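What follows is one structure encoded as structure tokens, with my remarks underneath.
If you're wondering where the values come from, they're calculated on a predicted model, not measured in any experiment.
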Amino acid sequence: MNPSRNVSIMCFHDELCQVFNALMTALSLLRNGSRVTIFFGSRGVFAVHKEHVNSLVCMPDMPELGAAVTARMDELGLPLPEDMFVALVAEGATLLACPLNIPLFGMSPGDLVDGVKVADPATYYKDVVIQADMNLTF
């Protein structure tokens with residue numbers, strides 16, 4: 001079976017495990033022939049903030065378990081989110097941030113990780129979500 005050609009991924013969290021899963025899923029789909037667009041909305045905009053991307057944590061409400069998960073990720077040599085962003089951009093993914101949440105959280109487009117663009121709310125759903133063969137949320 002051929003992979004889906006158009007995949008829309010929406011990430012609404014800044015919790016490391018959720019962000020990691022969204023990014024790794026995107027990379028896997030991209031590397032298997034899909035066109036991938038990732039939209040970061042709500043708290044997900046913190047995942048694409050230059051200052052916050054390096055300080056995302058797993059399960060902040062359960063710090064001991066979160067630390068264990070992070071340690072296991074390190075043991076496995078899993079890539080860091082910032083490295084996955086570089087790979088996604090280099091390999092052709094489209095990365096979008098919510099134009100409503102950026103100012104809501106005191107951010108500006110200049111705060112975004114390189115390669116992340118501000119989504120156009122007039123066309124995002126029509127051109128990305130509705131056209132997608134697969135829509136995933138994290």
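With rounding to the nearest 0.5 angstrom, the NE2 atom of His49 is 8.0 Å from the CG atom of Leu112. Note that CG of Asn6 and CD1 of Ile130 are 13.0 Å apart. Values are rounded to the nearest 0.5 Å.
Nearest heavy-atom pair across Cys58 and Glu15 is CA-OE2, 3.2 Å. Residue Pro103 comes nearest to Pro99 through the heavy atom pair CD-O, 3.1 Å, listed as atom of the first residue, atom of the second, then distance. Contact detail for Ala87 and Leu27: the closest heavy-atom pair is CB-CD2, 3.9 Å. Nearest heavy-atom pair across Pro121 and Ala119 is CD-O, 3.3 Å. Nearest heavy atoms, Val53 versus Ala47: CG2-O, 3.4 Å.
Residue Met62 qualifies as open at atom CE: its count of foreign heavy atoms under 6.0 Å is 12 or below. Environment of CD in Glu51: sparse, with no more than 12 heavy atoms of neighbouring residues, nucleotides or ligands closer than 6.0 Å.
Placement of Met10 and Leu29 in two distinct hydrophobic clusters is found when ILVMFWY residues are connected by side-chain heavy-atom separations under 4.5 Å, directly or transitively. By the rule that hydrophobic residues join a cluster once side-chain heavy atoms approach within less than 4.5 Å of another member, Leu95 and Tyr125 end up as members of separate clusters. Linking ILVMFWY residues whenever their side-chain heavy atoms come closer than 4.5 Å, directly or via other members, places Leu76 and Met84 in the same cluster. Taking hydrophobic clusters as Ile, Leu, Val, Met, Phe, Trp and Tyr residues chained together by side-chain heavy-atom distances below 4.5 Å, Val57 does not share a cluster with Leu65. Linking Ile, Leu, Val, Met, Phe, Trp and Tyr residues whenever their side-chain heavy atoms come within less than 4.5 Å leaves Leu78 and Val86 in two separate clusters.
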One pair to check against side-chain contact (heavy atoms from CB on, under 4.5 Å): Thr94 and Val128. What are the steps and the verdict? CA-CA 10 Å; Thr94 300; Val128 176; over 6 Å; no

Could you check Ile38 against Leu23 for side-chain contact (heavy atoms from CB on, under 4.5 Å), going step by step and ending with a plain yes or no? CA-CA 8 Å; Ile38 311 173; Leu23 298 178; 4.1 Å; yes

Chi angles and distances behind the side-chain contact (heavy atoms from CB on, under 4.5 Å) call for Met134, Ser8: CA-CA 6 Å; Met134 183 186 324; Ser8 165; over 6 Å; no

Tell me, with the steps shown, if Val69 and Met73 meet side-chain contact (heavy atoms from CB on, under 4.5 Å). CA-CA 6 Å; Val69 171; Met73 291 172 76; 4.0 Å; yes

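Looking at heavy atoms from C-beta onward, Arg5 lies in side-chain contact with Asp133 at the 4.5 angstrom threshold. Annotation: side chain of Leu96 is not in contact with side chain of Asp120 (no heavy-atom distance under 4.5 Å). With contacts defined as side-chain heavy-atom distances shorter than 4.5 Å, the pair Asp111/Val48 does not qualify. Here the side chains of Leu16 and Pro81 are in contact, with some heavy-atom distance below 4.5 Å. Residues Pro109 and Lys117 fail the side-chain proximity criterion, which asks for heavy atoms closer than 4.5 Å. Side-chain contact between Ile9 and Thr37 is absent, with no heavy-atom pair separated by less than 4.5 Å. Between Val7 and Arg35, every side-chain heavy-atom pair lies at or beyond the 4.5 Å cut-off.
Scanning for side chain to side chain contact (heavy atoms under 4.5 Å, CB included) contacts around Phe105 gives Arg43, Val45, Phe46, Asn101, Met107, with sequence neighbours left out.
Under the 3.5 Å distance criterion, the side-chain polar atoms of Ser55 are matched with a main-chain donor or acceptor of His52. When atom types are taken as modelled, the side chain of Lys50 and the backbone of Gly110 share a donor-acceptor pair closer than 3.5 angstrom. In this structure a side-chain-to-backbone donor-acceptor pair under 3.5 Å is missing from Asn21 to Gln18. Ser34 contributes no side-chain N or O that, together with a main-chain N or O of Leu30, makes up a donor-acceptor pair within less than 3.5 Å.
Here ring-ring contact (aromatic ring centres under 6.0 Å, His included) pairs that include residues 10-43, with residues two or more places apart or in two chains, are Phe39-Tyr124, Phe40-Phe85.
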